[in-house]
Amino acid sequence: MKKISEQTKNFLLYGIDHTIQPKEIYKLDGAILFLVFLFFFLAEASPLPVFSKIFLVIVYLGFVVLSFSRTEVTGKKVFWIYGIQSLTFSILFCWAGTIFMLTTIEKESYKGYLAVLAVIYILAIAAYLFLTMLLIKKDVYNPSSSKKAAGGWCITSFVLLGIGAAKVLSTKAEYTTVIRIASLGFYFVSLLCILGVFHLVKYFAVKKLEIEKCDK
């Protein structure tokens, strides 16, 4: 089997020395529960209200079960916790954005819209993969640069989103336009959260590396 490069190994192990206290997980449990509670009201506007509520409950319970820990989390499981948290937020915000958008289009267009949405998410994930591979190849994914770059891009993106939303609202846009802008905002946050889902990839990659070391 081909040996992985030092740059790839550094990328996979970056953040493995972090520690997550149980209270941090419990706080996030509460935050997501509050978010799910708010989305319960939004579920009434969905094409299938009962199914939507069941979906929200399953997502929340799944998050709690998969991320539960009575002791502090260290090592590769840190990647698991970060990945599950990011995946939960990404799913919830994508669901909310979709429900908002479906209220502004005709039922006949649902299937076409969902197909386009799936393609957009696939393209976004492919772009993230390409960018990650590029950063690994250039060996610029390290504690000093990645944190500053990620923080800077996040702040810049949210500022631009806020300015855009304020601009639309200040022009007294139509109700449908405002709803669609809100939907795009949810999608934007959901796509940002997908970046964190790559921690799950790191978790399984590190786990595989450990298995290979044991076999040698």
Side-chain angles (χ1 to χ4, degrees), residues 20-69 73 80-107 109-110 113-114 116-118 120-121 124-125 150-151 153-200:
I20 303 177
Q21 299 296 332
K23 63 180 180 180
E24 296 177 23
I25 299 176
Y26 301 155
K27 287 180 181 178
L28 201 59
D29 286 345
I32 292 183
L33 178 61
F34 178 72
L35 191 64
V36 169
F37 175 75
L38 291 180
F39 285 171
F40 253 71
F41 295 98
L42 179 60
E44 293 295 336
S46 68
L48 300 170
V50 176
F51 175 80
S52 293
K53 291 178 180 179
I54 294 175
F55 171 78
L56 291 173
V57 171
I58 291 176
V59 170
Y60 178 72
L61 292 178
F63 164 80
V64 172
V65 171
L66 293 174
S67 64
F68 179 76
S69 178
V73 177
W80 174 264
I81 298 298
Y82 287 153
I84 292 298
Q85 291 174 349
S86 301
L87 180 62
T88 303
F89 277 113
S90 181
I91 291 174
L92 288 176
F93 282 112
C94 177
W95 176 87
T98 302
I99 297 303
F100 265 115
M101 191 64 77
L102 291 182
T103 61
T104 67
I105 61 179
E106 300 295 332
K107 289 185 177 181
S109 305
Y110 282 3
Y113 174 75
L114 294 176
V116 172
L117 181 64
I120 290 175
Y121 267 75
I125 293 172
W153 276 109
C154 285
I155 292 175
T156 302
S157 299
F158 278 113
V159 168
L160 291 175
L161 180 64
I163 293 175
K167 181 67 177 177
V168 171
L169 294 175
S170 64
T171 57
K172 295 182 179 180
E174 295 181 356
Y175 174 79
T176 300
T177 303
V178 174
I179 293 296
R180 288 180 176 176
I181 291 295
S183 176
L184 292 176
F186 280 122
Y187 284 138
F188 177 78
V189 176
S190 173
L191 289 171
L192 279 182
C193 290
I194 288 180
L195 284 170
V197 179
F198 280 89
H199 280 94
L200 288 178

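Here, residue 1 is the first one in the sequence, and each next residue gets the next number.
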inquiry  = To check you understand the geometry: which heavy-atom pair defines the closest contact between Cys193 and Ser86, and what is its length?
reply    = O-CB, 3.3 Å
query = Partners of Phe34 by ring-ring contact (aromatic ring centres under 6.0 Å, His included), sequence neighbours excluded?
reply = none
key: Set of salt bridge (charged side-chain N to carboxylate O under 4.0 Å, His left out) partners for Glu106, sequence neighbours left out   = none
inquiry  = Under the rule for salt bridge (charged side-chain N to carboxylate O under 4.0 Å, His left out), what residues qualify as partners of Lys53, not counting sequence neighbours?
reply    = Glu44
Which pairs of donor and acceptor atoms, one on a side chain in residues 54-66, lie under 3.5 Å apart (sequence neighbours left out)?
from  : atom 1 : to    : atom 2 : distance (Å)
Tyr60 : OH     : Asp29 : O      : 3.2

ask   = Should the ring pair Tyr113 and Tyr187 be called parallel, tilted or perpendicular, given that the plane angle runs from 0 to 90° and is split at 30 and 60?
value = tilted
request  = Kindly compute the distance separating CH2 (Trp95) from OG (Ser46), expressed to the nearest 0.5 Å.
outcome  = 6.0 Å
request  = State, with a plain yes or no, whether a side-chain heavy atom of Leu114 is found less than 4.5 Å away from one of Met101.
outcome  = no
message = Rounded at 0.5 Å granularity, tell me how far NZ in Lys107 sits from CG in Leu102.
response = 11.0 Å
Indicate every side-chain donor-acceptor pair of residues 20-28 with a distance under 3.5 Å to a residue at least two apart or in another chain.
from  : atom 1 : to    : atom 2 : distance (Å)
Gln21 : NE2    : Glu72 : OE1    : 3.1
Tyr26 : OH     : Ser69 : O      : 3.0

message = Quick check: closest heavy atoms across Phe37 and Phe41, and the distance to 0.1 Å?
response = O-CD1, 3.5 Å
remark   = When every non-hydrogen atom of Ser190 is compared with those of Cys94, the smallest separation belongs to OG-CB, 3.4 Å
request  = Grab the two heavy atoms, one from Ser67 and one from Ile84, that are nearest each other, plus how far apart they are.
outcome  = CB-CG2, 4.4 Å
note = Interatomic distance, OG@Ser90 vs CG@Leu192, rounded to 0.5 Å, equals 9.5 Å
task = State which residues pass ring-ring contact (aromatic ring centres under 6.0 Å, His included) with Phe100; sequence neighbours excluded, sorted by chain then number.
result = Phe186
query = Of the non-hydrogen atoms in Ile99 and Pro47, which two are nearest, and what is the gap between them?
reply = CD1-CD, 4.4 Å
query = Looking at CG of Leu117 and OG1 of Thr98, how far apart are the two atoms once the value is rounded to the nearest 0.5 Å?
reply = 5.0 Å
query = CG/Leu33 to CG/Leu38 distance, rounded to the nearest 0.5 angstrom?
reply = 10.0 Å
message = Please report the interatomic distance CD1(Ile194) to OH(Tyr121), rounded to the nearest 0.5 Å.
response = 5.5 Å
